[in-house]
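Following: one structure in structure tokens, then a few remarks.
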Amino acid sequence: MPCVADWLNNPFSIVQGIFAQNVPNSDWEKKVTEYFKEKLKENNATNWVPSLNDVPVHYLKPNSLVKFRCMVQDMFDPEFYMGVYETVDPNTNARVLHFGKYRDVAECGPQQEIDLNSSQTVTSERQTFYCVPVPGESAWVKEISFLIEQVLFSPSTSYTPSRHKRSYEEDEDMDLHPSKQKEQHMGNCSSGGDTHGCVEPKRLETEASAGHHLISPNCSPPLDLNFPLPGEKGPACLVKVYESWDSFKVNDVLEVYGILSVDPVLSIINNEERDSSALNPMESMDTAEEQRVHSPPASLVPRIHVILAQKLQHINPLLPACLNEEESKTFVSNFMSELSPVRAELLGFLTHALLGDSLAAEYLILHLISTVYARRDVLPLGKFTVNLSGCPRNNIFTEHIYRIIQQLVPASYRLQMTIENMNHSRFIPHKDYTANRLVSGVLQLASNTSLVVDETQLEQGQLDTKGVHNMTALGNLITWQKVDYDFNYHQMEFPCNINVLITSEGRSLLPSDCQVHLQPQLIPPNMEEYMSSLLTAVLPSVLNKFRIYLSLLRLLDYSISEEVTKAVEEDFVEMRKNDPESVTADDLHRTLLVARFLSLSVGQTTLSRERWLRAKQLEALRKARLQQQKCVNGNEL
């Protein structure tokens with residue numbers, strides 16, 4: 001029986017064994033998938049598999065089993081490969097069948113040649129996804145995932161078993177401080193005589209961890225890793241998918257388990273192809289730029305040959321990956337039993353963050369658990385964009401509000417709405433037909449990402465054509481929860497599910513579902529000190545409960561009984577009778593949304609009369625506050 005080290009360290013040996021036992025039966029591929037699926041179901045087995053999100057690629061053993069939590073940034077054209085091929089020994093005429101699945105380069109023995117005319121050859125097709133780490137993934141998601149893996153990690157899959165794995169952030173620190181890198185390298189070499197503990201300095205230099213651009217050997221321009229957000233870290237990967245690729249689409253968040261391929265031969269082959277196409281352009285249909293983008297050096301953009309892939313409902317490591325399993329149901333029911341004190345603590349925490357404004361804190365909770373649950377024609381149902389107006393024109397306040405949100409949600413991004421950013425940032429992804437790839441933009445985000453638009457940064461100035469397009473794209477995202485990607489000759493709609501919070505002084509220039517005017521109950525003498533102390537005062541265990549609370553509630557189902565629906569309709573008719581001018585259909589829709597998220601926030605999956613009345617009360621308070629502000633300022637907010 002294969003041991004853990006076999007299927008983790010040398011999955012090819014498992015595949016070879018299954019292939020040898022089942023050829024020429026075509027079921028061998030299905031049996032490989034089933035074998036690894038069963039292995040990963042074993043207790044904590046998924047945590048034994050090293051993750052490319054946590055471990056720099058040069059510390060991992062080539063051809064070992066790895067996992068990668070990622071977003072599909074682009075899909076390349078399908079490619080053909082030799083699924084099964086035959087080699088022949090010219091001296092003895094002995095023939096051997098090999099599998100080409102999960103490989104980039106066909107292998108054969110020293111005295112063997114591939115018989116391209118063999119009747120045993122099977123040509124197959126696979127799809128290549130260009131995948132990047134989830135844009136805006138919070139540091140705490142990385143840290144907790146890394147800690148879980150550290151506890152259970154089997155060090156035999158690493159090149160350096162004598163020491164702990166280093167994260168991407170630590171590796172970046174080494175890149176920024178070469179003296180540290182040299183000291184650590186020298187330390188590793190001198191301790192003990194094992195050369196395995198020594199990582200070649202050149203390997204460290206090829207780390208693909210910081211920024212968008214990396215200098216690639218034999219390529220004059222820098223290699224653009226095409227991350228949607230500036231300053232992102234981690235690897236980009238070419239993910240080779242062998243089955244059911246039609247079930248995945250651009251912007252899906254996946255967790256893939258597959259065989260890591262960083263074969264240096266790939267770079268040699270790709271360079272030779274580029275050279276030959278430059279000499280004989282008619283020989284290759286691909287441009288040099290396309291070959292460079294689609295076949296980057298494996299040391300910078302590793303390949304993963306997928307054995308198993310699954311769409312992720314969420315990326316919160318504190319929650320079970322799938323909530324439908326029995327063990328997960330127990331976790332959910334246990335957490336729901338203590339929901340009330342968690343909500344009360346979170347409300348208190350956010351009230352302090354919003355300078356004592358408990359009404360704004362209530363609406364912020366509702367916003368953070370909101371999600372698009374359905375689409376009716378073009379209308380996204382469940383979106384709840386909040387405009388928090390009345391924010392002090394103080395970069396410290398809005399920055400810290402974002403930092404707090406960043407500590408609560410798994411993925412987020414703060415968009416500073418300056419004239420400079422609006423006119424020069426690339427918001428909308430567009431198709432580059434020369435390189436045959438989708439060039440990413442800031443609005444290419446995964447579902448359930450929190451986008452905080454800081455409008456307090458907006459100053460006087462002129463928006464140019466690009467700035468106007470960016471503003472329009474932001475408005476469309478908020479209103480329709482879609483982004484129109486630019487394919488030069490046409491636009492293509494990509495639906496999304498992004499939680500947008502707009503912080504502004506007055507009413508935002510952007511559309512929103514709900515405007516809440518901030519009414520600070522306290523003005524701290526030192527805003528920086530006050531806001532910084534909020535996070536340090538919260539226990540890590542309490543912070544983790546907040547994170548589970550916000551992620552879990554947006555995954556719950558919700559319904560309204562016929563009886564309550566009828567009561568709501570009657571109530572709305574009465575409201576219209578009493579105040580026909582100010583009560584509109586939009587008010588009903590918004591109050592129903594507030595009631596929905598208010599119910600979910602206390603763990604109720606159906607609407608009760610009590611929650612409906614509370615939603616009406618919150619809306620009345622919010623509107624009264626806006627009216628009061630309008631009277632004070634003499635203009636409409």
Side-chain angles (χ1 to χ4, degrees), residues 40-47 69 134 137-138 140-141 143-145 147-149 151-152 252-255 310-350 362 364-374 381-382 384 405 407-412 446-450 497 499 538-561 564 593-608 610-611 614:
L40 290 168
K41 279 182 183 174
E42 292 175 8
N43 190 30
N44 289 326
T46 54
N47 293 318
R69 184 178 61 255
V134 178
E137 187 177 75
S138 298
W140 64 266
V141 173
E143 286 164 10
I144 292 171
S145 301
L147 286 172
I148 291 169
E149 193 180 312
V151 171
L152 298 158
D252 277 351
V253 175
L254 312 178
E255 184 156 62
Q310 59 179 354
K311 281 189 199 177
L312 293 179
Q313 281 184 298
H314 63 85
I315 58 167
N316 187 337
L318 297 167
L319 276 179
C322 182
L323 297 179
N324 298 327
E325 296 169 2
E326 282 306 314
E327 289 179 16
S328 304
K329 288 177 182 175
T330 306
F331 173 90
V332 171
S333 61
N334 288 342
F335 187 81
M336 295 298 275
S337 64
E338 57 178 54
L339 202 68
S340 184
V342 174
R343 187 192 193 282
E345 280 188 272
L346 178 59
L347 182 62
F349 173 66
L350 292 178
E362 281 276 9
L364 186 53
I365 288 178
L366 305 187
H367 162 76
L368 291 173
I369 63 172
S370 67
T371 186
V372 175
Y373 60 88
L381 305 179
F384 194 58
I405 290 172
Q407 286 295 323
L408 296 175
V409 301
S412 61
S447 278
N448 297 320
T449 300
S450 284
N497 184 4
N499 283 32
V538 182
L539 291 171
S541 58
V542 174
L543 203 52
N544 283 342
K545 285 182 180 178
F546 293 167
R547 292 161 176 167
I548 294 170
Y549 173 89
L550 294 173
S551 293
L552 179 60
L553 294 185
R554 63 167 37 168
L555 295 170
L556 297 180
D557 292 325
Y558 174 87
S559 61
I560 305 178
S561 67
V564 174
L593 265 183
V594 170
R596 177 191 182 92
F597 298 127
L598 197 58
S599 300
L600 289 172
S601 75
V602 295
Q604 294 177 2
T605 55
T606 58
L607 180 59
S608 64
E610 180 191 357
R611 293 300 147 203
R614 174 62 177 155

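Positions are given from 1 along the sequence.
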What closest approach, in Å, do A411 and I315 show between heavy atoms, and which atom pair accounts for it?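 Between these two residues, the closest heavy atoms are CB-CD1, 4.3 Å.
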How far apart are the closest heavy atoms of C322 and S328, and which atoms are they?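 So the minimum-distance heavy-atom pair works out to O-OG, 2.6 Å.
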Between [atom1] of [X] and [atom2] of [Y], what distance do you get to the nearest 0.5 Å?
X    : Y    : atom1 : atom2 : answer
L319 : H314 : CG    : NE2   : 4.5 Å
T606 : L600 : OG1   : CG    : 9.5 Å
E137 : S145 : CD    : OG    : 6.5 Å
I405 : L364 : CD1   : CG    : 5.5 Å
L318 : N544 : CG    : CG    : 4.5 Å
F597 : I365 : CZ    : CD1   : 13.5 Å

With R611 via side-chain hydrogen bond (donor to acceptor under 3.5 Å, both in side chains) - residues at least two apart: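 Result, side-chain hydrogen bond (donor to acceptor under 3.5 Å, both in side chains) vs R611: none returned.
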Would you say D557 has more than 12 foreign heavy atoms packed within less than 6.0 Å of its CG?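 At most 12 heavy atoms, drawn from other residues, nucleotides or ligands, come within 6.0 Å of this atom.
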Could you tell me if the side chain of [Y] sits less than 4.5 Å from the side chain of [X], heavy atoms only?
X    : Y    : answer
L556 : M336 : yes
V141 : R69  : yes
L408 : L543 : yes
F546 : V538 : yes

May I ask you to decide if [Y]'s main-chain N or O and [X]'s side chain share a donor-acceptor pair within less than 3.5 Å?
X    : Y    : result
S599 : L607 : no
R547 : P410 : no
N448 : T371 : no

Would you please name every residue forming a salt bridge (Lys or Arg N to Asp or Glu O under 4.0 Å) with E143, sequence neighbours left out?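 Partners of E143 under the salt bridge (Lys or Arg N to Asp or Glu O under 4.0 Å) test: none.
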Distance under 6.0 Å and angle within 45° of the ring axis: does R596 meet both against Y373?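 R596 over Y373 ring: yes.
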Report, one line per pair, each donor and acceptor closer than 3.5 Å where one atom sits in a side chain of residues 340-348; sequence neighbours left out.
residue	atom	partner	partner atom	Å
R343	NE	S601	OG	3.0
R343	NH2	E362	OE1	2.8
R343	NH2	S601	OG	3.2

side-chain contact (heavy atoms from CB on, under 4.5 Å) between Q310 and L254, worked out: CA-CA 6 Å; Q310 59 179 354; L254 312 178; over 6 Å; no
